[in-house]
J.: 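Below is the structure I would like to discuss, written out as C-alpha cells.
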Number of protein chains: 2
Amino acid sequence: MMLDERTKQVLFAVIQCYINAPGPVGSRVVTKKFSFGLSPATIRNIMSDLEEMGYLQQPHTSAGRVPTDIGYRYYVDSMRSEKRLINKDFLLELNRKLELLKKDINAFLDEASKMLSYLSHYIGVTMSPNTGITTLDRIELIKYRNDKVAVILFTDEGLIRNRIISVDAALSQRDLNRIAAYISSHFSGRTLEEIRKMVVKELARETVLCDSLVEEAMRICSAVFSVSPGNVYISGLSEVLALPDFCDIDRIKELLKTIEDKHIIVKLLDKIADADGPQVIIGSENPLDEMKTFSIVAATYKEGSRPMGAVGIIGPTRMNYLQAISIVDLTATYITEMLSYK
Amino acid sequence: MMLDERTKQVLFAVIQCYINAPGPVGSRVVTKKFSFGLSPATIRNIMSDLEEMGYLQQPHTSAGRVPTDIGYRYYVDSMRSEKRLINKDFLLELNRKLELLKKDINAFLDEASKMLSYLSHYIGVTMSPNTGITTLDRIELIKYRNDKVAVILFTDEGLIRNRIISVDAALSQRDLNRIAAYISSHFSGRTLEEIRKMVVKELARETVLCDSLVEEAMRICSAVFSVSPGNVYISGLSEVLALPDFCDIDRIKELLKTIEDKHIIVKLLDKIADADGPQVIIGSENPLDEMKTFSIVAATYKEGSRPMGAVGIIGPTRMNYLQAISIVDLTATYITEMLSYK
DNA sequence: TTTAGCACTCTCCATCGTCGAGTGCTAATA
DNA sequence: TATTAGCACTCGACGATGGAGAGTGCTAAA
C-alpha cells in the first residue's frame with residue numbers, strides 16, 4: 001500500500017518519537033519536534049487516517065498514538081535503502097577484539113554478543129556453526145592413557161573440536177594414525193552431519209567389516225560425529241532491563257524463560273539462515289508465540305557463500321531498527337571477513 | 001550464644017514458616033502450624049525475646065516477625081549436623097547425566113548447573129577448573145596449514161584445551177614433535193599458571209637461547225599458557241523469577257547485572273575454594289555489596305585432595321538452606337568421584 | 001484544505017477511610 | 001512464677017473518590 005509523502009512523514013515522525021521515549025505520541029508533540037508547518041489539528045487528522053489504515057493505534061480514546069507492528073514494518077522496509085548509520089567506535093572496538101581473538105571463533109562470538117548488546121542496548125546473540133554446515137578437514141587421534149584416546153577434529157572453517165573416547169586398549173599410536181588417515185581421506189570435505197548419517201548407515205548394514213581397523217574407525221566415528229547444535233552466546237540482559245519497556249515483571253519473566261532455552265534461539269536464527277543481508281522480524285511476525293512481543297534483527301555470517309552461523313539483536317518492538325540493522329550487518333560482515341582471512 | 005531449647009524451636013518454626021511462604025510470621029500462625037502446646041501470647045513473648053537478641057526483626061510495629069541474617073546463620077549452623085535430605089530422583093537423574101557426559105567435563109558442568117537450579121528452584125552455578133589449578137600432562141602440536149599450528153593441551157584432570165597459533169612456516173611436523181616433547185618433559189606436572197609465569201620469566205631474561213627449537217618452544221608457550229579464568233555455567237534465572245521474593249523489579253535488575261558479569265561469580269566461588277564441605281553465605285555476610293540481599297550455598301569438587309572447581313546455588317536469603325546444602329553437597333561429591341574414575 | 005476553539009474522555013495520582021492482621025500490655029489464672 | 005485471655009492500639013493493604021492534565025474528535029471559520 002502506498003502512502004502519500006506527507007502521511008508517510010507523519011508516520012515516521014510518530015515512530016521516531018516512540019522509539020526515543022515510550023508512551024503514546026500526541027499530535028502536539030509531533031508538531032513541536034518536527035517542522036511540518038502544520039497545526040496539531042491537521043496532524044490529528046492524518047494520524048486518524050493512519051490509524052484507520054492500521055499503521056497506528058490508540059491504547060484508549062483520547063490518548064496519543066502508538067505504532068503497530070505493521071507500522072514498524074512499513075518504516076523498516078522504507079528505510080532499508082537509506083544510508084546506514086556507521087558507528088566509528090563500533091568499528092574500532094570490533095577491530096580490536098578481532099585482532100585479539102582471531103584465533104578462536106568461539107571466544108570471538110562470545111565477545112561479539114557482548115559488543116552487540118553494548119552498542120545497541122538490547123540483547124546480543126551470536127551462534128557458532130553447527131554440525132550441519134561445518135565440513136571436516138581432517139581428524140587426529142592421540143593416545144591419552146590406557147584405553148582413552150583424544151580425538152581432534154579439524155574443520156575447514158578453522159574450528160577445532162576435541163573429545164575423549166574409549167577404545168580397545170591394544171591399539172597403538174601407529175594404529176590410531178592409520179585409522180585417522182583412513183577417516184580423513186574417507187570423509188574429508190563432507191559436513192559433520194553428512195558423515196554422521198553415513199556412519200550410521202554403514203553400521204546399520206551389520207556386515208562384518210573385513211578390516212578390523214576400518215571397523216574400529218567406524219566405531220570411533222559414531223562416537224565422535226554426534227549432532228551438536230552449535231553454541232549460542234547471549235549478552236545484555238541487564239542492558240535491556242534498564243529500558244522502560246520492561247517495567248512489567250511478567251514480561252521480564254516471559255523473556256527470560258524464552259532466552260534461557262537456547263534451543264529456541266537456535267531455531268529462530270536458523271530460520272534466517274538462507275536470507276541475504278540483515279533480516280528483521282517485528283513482534284507478531286515472529287513464528288514463536290513466546291517472542292511475539294519482541295523484535296529480532298539478525299544476519300548470517302558466511303564462509304565463502306555458505307552461511308555458517310548467525311548474529312542478532314533481540315529487543316522490544318519499539319526498537320531502534322536502523323541502528324540495530326547496521327550494527328548487525330557490520331558484525332556479520334566482519335565475521336565473514338575474518339573467516340575468509342583464515 | 002546459647003538459646004534454651006524452647007526458644008530455639010520457636011526461632012526455627014518462624015524460619016520454616018518464612019521459607020515456605022514469604023511475609024511476616026505471626027504468633028498465631030506459629031501455634032497453628034507447630035504444636036508447642038503454648039498460646040499465641042507466650043509465643044509472642046518468646047518472639048519478642050528473639051527480636052531483642054537479633055535473630056528476628058519486625059518490618060514495622062504490629063506486623064509479624066521475619067528472620068534476620070543472624071537468625072538464618074544460627075539455624076544453618078544448628079542444622080548442619082542433622083541428617084540430610086536425600087532426594088532419590090536427584091541421584092538418579094544426576095547419574096543418568098553422568099553416564100551420558102562422562103567424557104566432557106564442560107558439557108557436564110553445564111548440565112549440572114541446570115540440574116542444580118531445577119532441583120532447588122534457585123540459580124545453579126558451576127565453575128570449571130581454572131589455569132591456577134589444572135596441571136599439564138602433555139602437549140601436542142599438529143601442523144594445520146602453512147604457518148598455523150593446532151596446540152592440544154592435555155591436563156592431568158582429563159581436560160583438553162586447544163588453540164590455533166601461528167609459527168614459522170618452515171617448521172616441519174617433525175620439528176613440532178620435538179618441540180612438543182621438549183615442552184611436555186620440561187613442564188609436565190606443573191599448573192598452567194606456574195608454567196605461564198616461568199615462561200614469562202624465561203623470556204624476560206632476553207638471553208639468546210642457543211637452541212632455536214627451545215626458543216620457538218618458549219614462543220609457543222607464551223602464546224598458549226595465557227590466563228584463562230575457567231568457564232562459568234549459570235542456569236535457572238527464570239526459575240528464580242517465579243519466586244514471590246522477586247516481585248521487585250529493581251531487585252531483578254540488580255541480580256541480573258551481577259550474574260551477567262561472570263567474573264564476580266568466579267571471585268565469589270574462589271573464596272570458598274579451600275573450605276571443606278558446603279559453605280553457606282547468608283545475605284549481609286556476602287563480601288560483595290551487590291549480593292548482600294542474596295544467599296549462596298557452594299562447595300568445591302576435587303581431584304584427589306586438590307580443589308578443582310566449584311558448584312553452588314544462589315537464591316534469596318529466604319532460601320531452603322537444608323535442601324540447598326544437600327543438593328550442592330551431592331553434586332560436588334559426584335563430580336569429585338567422576339574425576340577420580342578417570 | 002487547514003486551523004482555532006471547545007467539549008469530552010480517559011489515565012494518573014494523591015487522599016481518605018475502612019478492614020484485618022498482629023502486636024504489647026495488663027490482669028487474671030494455674 | 002509461668003502462662004494465658006482480653007483488649008486497645010498500630011500499621012499496611014485495598015478500594016473508592018475526585019481533581020489535574022494530556023489528548024482527542026468535532027464543528028465552524030478562515
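Every chain is numbered from 1, with letters handed out A, B, ... down the list of sequences.
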J.: Verify the contact: side-chain N or O of A:Ser39 to OP1 or OP2 of C:dT2, cut-off strictly under 4.0 Å; return yes or no.
T.: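 Indeed not, no polar side-chain atom of A:Ser39 lies that close.
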J.: Would you please classify the geometry between the B:Phe36 ring and the B:Phe34 ring as parallel, tilted or perpendicular, with 30° and 60° separating the classes?
T.: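 The arrangement is parallel - the two ring planes meet at less than 30°.
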J.: Ignoring backbone atoms, test whether A:Arg65 places a side-chain nitrogen or oxygen under 4.0 Å from the OP1 or OP2 oxygen of D:dG25.
T.: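 Yes, within the criterion.
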J.: Separation of A:Met47 atom CE from D:dT24 atom C1', in whole Å?
T.: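 Nearest whole value for this atom pair: 9 Å.
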J.: May I have the distance from B:Asp49 (atom CG) to C:dC25 (atom P), rounded to whole angstrom?
T.: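 After rounding, the reported distance stands at 12 Å.
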J.: At under 4.0 Å between heavy atoms, what does B:Gly23 touch on the DNA or RNA strands: base, sugar-phosphate, or nothing?
T.: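 The residue B:Gly23 makes no contact with any strand.
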J.: Where the side chain of A:Gln58 is concerned, which of D:dT24, C:dG24, D:dT4 is the nearest nucleotide?
T.: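 Given the options D:dT24, C:dG24, D:dT4, the side chain of A:Gln58 is closest to D:dT24.
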J.: Measure CD/B:Glu52 against C1'/C:dG24 and give the value in whole Å, please.
T.: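 These atoms are roughly 13 Å apart.
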J.: Taking CG from B:Asn45 and C1' from C:dT23, how many angstroms apart are they, rounded to a whole number?
T.: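 One finds 11 Å between C1' of C:dT23 and CG of B:Asn45, rounded.
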J.: Base, sugar-phosphate or nothing for B:Thr61? Non-hydrogen atoms, less than 4.0 Å.
T.: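 B:Thr61: backbone/sugar contact only, no base atoms under 4.0 Å.
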J.: Please state how far atom CD1 in B:Ile43 lies from atom P in C:dG22, giving the value in whole angstrom units.
T.: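 After rounding, the gap between these two atoms is 14 Å.
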J.: Check whether any side-chain N or O of A:Ser48 sits under 3.5 Å from a backbone N or O of A:Arg44 as a donor-acceptor pair, and report yes or no.
T.: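 Side chain of A:Ser48 to backbone of A:Arg44: no pair is present.
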J.: Report yes if a side-chain nitrogen or oxygen of A:Thr42 is closer than 4.0 Å to either non-bridging phosphate oxygen (OP1 or OP2) of C:dT2; otherwise report no.
T.: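 Negative; the distance criterion is not met.
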J.: When you check the gap from the basic side-chain N to the acidic O, do B:Glu285 and B:Arg73 get nearer than 4.0 Å?
T.: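 Yes, B:Glu285 and B:Arg73 are salt-bridged.
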J.: Just wondering, do B:Glu51 and B:Gln58 contact through their side chains at under 4.5 Å, heavy atoms?
T.: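 They are in side-chain contact.
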J.: Any side-chain N or O of A:Arg6 less than 4.0 Å from the OP1 or OP2 oxygen of C:dT2?
T.: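 Indeed, a polar side-chain atom of A:Arg6 lies that close.
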J.: In this structure, how many angstroms lie between the C1' atom of C:dT23 and the CD1 atom of B:Ile46, rounded?
T.: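 To the nearest whole Å, that distance equals 15 Å.
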